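Single-structure report; data block below.
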There are 2 protein chains.
Amino acid sequence: MARTTIQDVARAAGVSPSSVSNLLNGRTERMVPATRERIERAIEELGYRPNRAARQLRSGHTQTIGLVVPSVGNPFWGAFAREVEVAAQAKGCNVLLCNSEREPDRERRYVEELWEDGIRGIILCTSLPSLEHVAGSIKDGLRLVTFDRPAQPDDPSSVVSISIDNGIGGRLATSHLIELGHERIAFVSASIRSVNRSARYRGYCEAIEQAGMSVASMPSWTGVTAAEFGDVEAADVGRAAAHALFDGSGPAPTAAVAINDITALGFARGLRDMGLKVGEDVSVIGFDDIILADLYDPPLTTVRQPIADMARLAVGEAIERAAAEDEQAGRSVLLRPEVVVRESTQPPRNEGPKQRANVTAREAIGK
Amino acid sequence: MARTTIQDVARAAGVSPSSVSNLLNGRTERMVPATRERIERAIEELGYRPNRAARQLRSGHTQTIGLVVPSVGNPFWGAFAREVEVAAQAKGCNVLLCNSEREPDRERRYVEELWEDGIRGIILCTSLPSLEHVAGSIKDGLRLVTFDRPAQPDDPSSVVSISIDNGIGGRLATSHLIELGHERIAFVSASIRSVNRSARYRGYCEAIEQAGMSVASMPSWTGVTAAEFGDVEAADVGRAAAHALFDGSGPAPTAAVAINDITALGFARGLRDMGLKVGEDVSVIGFDDIILADLYDPPLTTVRQPIADMARLAVGEAIERAAAEDEQAGRSVLLRPEVVVRESTQPPRNEGPKQRANVTAREAIGK
DNA sequence: GGAATCTGGTGTAACGATGCACCAGATCTT
DNA sequence: AAGATCTGGTGCATCGTTACACCAGATTCC
């Protein structure tokens, strides 16, 4: 069980440990091919694997990236975490998983701990408007990649942000409903305090006004404005919204934009509670395209985030930053989301439908 | 930014680095309280945090556990991964995340790599009948915890297995349907090759025979017996099964036990394709109780796995093994699953229902 | 009263890889 | 021909922690 070390390799190849180290670290400019081959053969034959701990101790950094998500229990974050791991693996890195439960204090603790452990890069999934809770580590030199949160004016300049363009997302979702002929469209969300939720709402407003309608005249509902919420609560919020919007106290909507798929699903359930049919009676569009969206009955129209691309970008930034330092700091990358049309959105009931949306999920995805 | 080391602490407390190390590692038997307090105060004041890399290099083991799941993109594994991280955090450990995609070769590569990196313990989520692909590492001394896979006769004796009792699960699910009055119950699954899938099937058979019925007379379907499958395919399998079972070519079932929730959801969709209503026309019960089960329309009755308890157990084994060595090796822990009754299971249509299942999800869960 | 034992620590050699400073020998300049 | 430069490497101190071996001084034993 004695580990084969760099010394063993050196001995077997008839060179010094330094040369082996040089090869391992790509300092091969001034190494004659014959030597190189001897070393490579020795590594192969002895089945040598570098010791990470020693490497890290000496060099000061890991081959590990930290991933801080609200909770991998949430299907969206689970799917994202998977893509991150795939992308990291492709670059020879491992992923350390952390669940913040959306608590700023946990985010801070995780980030500090990872940073002190010499983690190579950190992908922080947060939608907090301010990054001041992790400002300390950033000031000390940490290069942070935030996800699901576009850059803010007050962000430290070294932070790279990756997100979809939520404004466009909100606009696409709303326009889709408008094109189907809807004129009373509700926006369903709990607190809009987070930066991406408010951006989606802004997109919703823009689309409505661009269509010559007024946001003020839309059916709205202000039941829950609670601060933050988890997955289960997100569904409850949607359900409560449906109950409130269709209690007969005001003009009911014919369609709704939900802040995410879980809320959309809760809303759909609320509709069912009220004896209404999703799609036929009331159209619903969500955000994220989690796996359940396609499995739901009826399959849910939603705004898809290109998570694989985003994960690749985030991992790239997290790993390469250390090397490239400063070069292009403070970048903010906004990707374009796309609407995936399924069956939960249809033309409104007793109004002249401009077109019939009978695209099935699979066709829309282009599989 | 210069790291505060154990030396700094020693200097501040007026002791030797050895003493600080002794305190840090719990060797306090022969340390006078006054000294101890001085050291603790120094640690506090300097904000000292031990360097993991150095620690690991010297001691040979990490504060990290490896988690190998098929894919965190799958809601069940995502939820489990979250519980594992919570449990590990409570014990001062981090979690390194790996997605095997159910490929034996990836499982092997990950396990070998983690083990060579001195990872403290590994939780391998696999349902492969044999562990020979990781036998090498186990022979070298790795203590492995497998999850979702009960112990097998050929397993190396040092392996600890944690799983639900799938036989009981299969029996509970089937009995639930029988008690509702169903007499034609299908079992829906792709390949039964994996150990837990076949155990569930066995439970299904036992329940049926115990009720005085015969498995041979049950509607069955042998469309897909493909080897392994992923999440999307799992849904497709369910959907295809529904199409096949209700194509009029044989006696159709009035209820079905699906191998997991995703397959159940696919089956539900297939029923809808055929113009049938889940719950009212055909009852469906799944396995796992993923979050989507409760959000589905109608909410899905399912067999819940106690993932939080299982995660805690698995983490405990993975961490404590190193210390306890051999003591209780080869354990196999089987937890008891429970049926969560929701709305997808109802008494059969035109038959005398023995009782009406009008328990709602929330009541059944006991929230 | 001298040896044995106990108490509360300390000294120090690793753990394995890294990368700067350095160095022989060969080749090039002028 | 002798210094300068280049080529292809090597020597060695070092990262921060650990844990075994060891050691003074105090106490106990016969």
Side-chain angles (χ1 to χ4, degrees), chain A residues 1-40 42-43 46-64 92 113 115-120 322-323, chain B residues 1-40 42-43 46-64 92 116-120 322-323:
Chain A
M1 256 245 6
R3 226 180 198 293
T4 60
T5 78
I6 210 171
Q7 322 274 349
D8 302 329
V9 175
R11 210 172 305 125
V15 295
S16 76
S18 302
S19 292
V20 182
S21 170
N22 286 339
L23 174 59
L24 256 34
N25 293 282
R27 288 184 292 270
T28 53
E29 329 78 56
R30 29 175 42 187
M31 186 182 289
V32 90
T35 310
R36 180 185 184 141
E37 278 164 26
R38 280 215 314 287
I39 301 178
E40 281 170 347
I43 290 180
L46 276 63
Y48 167 77
R49 303 275 305 255
N51 178 317
R52 294 205 173 198
R55 227 172 191 187
Q56 175 180 355
L57 175 59
R58 190 61 242 260
S59 66
H61 56 250
T62 9
Q63 286 295 98
T64 301
E113 188 187 323
W115 167 236
E116 284 178 357
D117 285 349
I119 248 57
R120 184 129 182 188
Chain B
M1 254 243 9
R3 224 181 200 293
T4 61
T5 79
I6 212 170
Q7 321 273 351
D8 301 329
V9 175
R11 211 172 304 126
V15 295
S16 75
S18 302
S19 293
V20 182
S21 170
N22 286 339
L23 174 60
L24 255 34
N25 292 282
R27 287 183 293 270
T28 53
E29 328 79 55
R30 28 175 45 188
M31 187 182 289
V32 91
T35 311
R36 180 185 185 142
E37 277 164 26
R38 280 215 315 288
I39 300 178
E40 282 170 346
I43 290 179
L46 276 65
Y48 167 78
R49 303 277 305 256
N51 178 317
R52 293 205 174 200
R55 226 172 193 189
Q56 175 180 354
L57 175 58
R58 187 61 241 254
S59 67
H61 57 249
T62 9
Q63 287 295 99
T64 301
E116 284 178 357
D117 284 349
I119 249 56
R120 184 133 182 188

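Every heavy atom of this structure was used, including side-chain atoms; hydrogens, water molecules and symmetry mates were not. Proteins come first, then strands; the chains are lettered A, B, ... in the order of their sequence lines, and each starts at number 1. It should be emphasised that the depicted structure is a prediction, and the values quoted were computed from it without experimental measurement.
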Nearest-Å distance for atom pair [atom1]/[atom2], residues [X] and [N]:
X	N	atom1	atom2	answer
B/Arg52	D/dT17	CZ	C1'	14 Å
A/Leu57	D/dT17	CG	P	9 Å
B/Leu46	D/dG16	CG	C1'	15 Å
A/Ile6	D/dC12	CD1	C1'	14 Å
B/Gln56	D/dA19	CD	P	13 Å
B/Arg55	D/dA19	CZ	P	9 Å

Subject >> Sorted by number, the residues of residues 7-26 of chain A with heavy-atom contact under 4.0 Å to DNA chain C >> reply: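 Per residue number, the list reads A/Ser18, A/Ser21, A/Asn25.
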
Subject >> CD1 on B/Ile6 to CZ on B/Arg11, rounded to 0.5 Å >> reply: 12.0 Å

Do the side chain of [X] and the main chain of [Y] share a donor and acceptor less than 3.5 angstrom apart?
X	Y	answer
A/Arg38	A/Ala13	yes
B/Glu116	A/Asn51	no
B/Asn25	B/Arg27	no
A/Thr62	A/Gly118	yes
A/Thr35	A/Met31	no

Subject >> From CA spacing to verdict: side chain to side chain contact (heavy atoms under 4.5 Å, CB included), A/Arg55, A/Leu24 >> reply: CA-CA 11 Å; A/Arg55 227 172 191 187; A/Leu24 256 34; 4.1 Å; yes

Subject >> B/Pro33 vs B/Ala54, nearer the 5' end of DNA chain C by closest nucleotide >> reply: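 The answer here is B/Pro33.
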
Original post:
What are the two closest heavy atoms between A/Leu23 and A/Glu40, and how far apart are they?
Top reply: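 Answer, listing the atom of A/Leu23 first, then A/Glu40: CD2-CG, 3.8 Å.
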
Subject >> Nucleotide interval of DNA chain C bounded by contacts with chain B (heavy-atom cut-off, under 4.0 Å) >> reply: C/dT7 to C/dG16

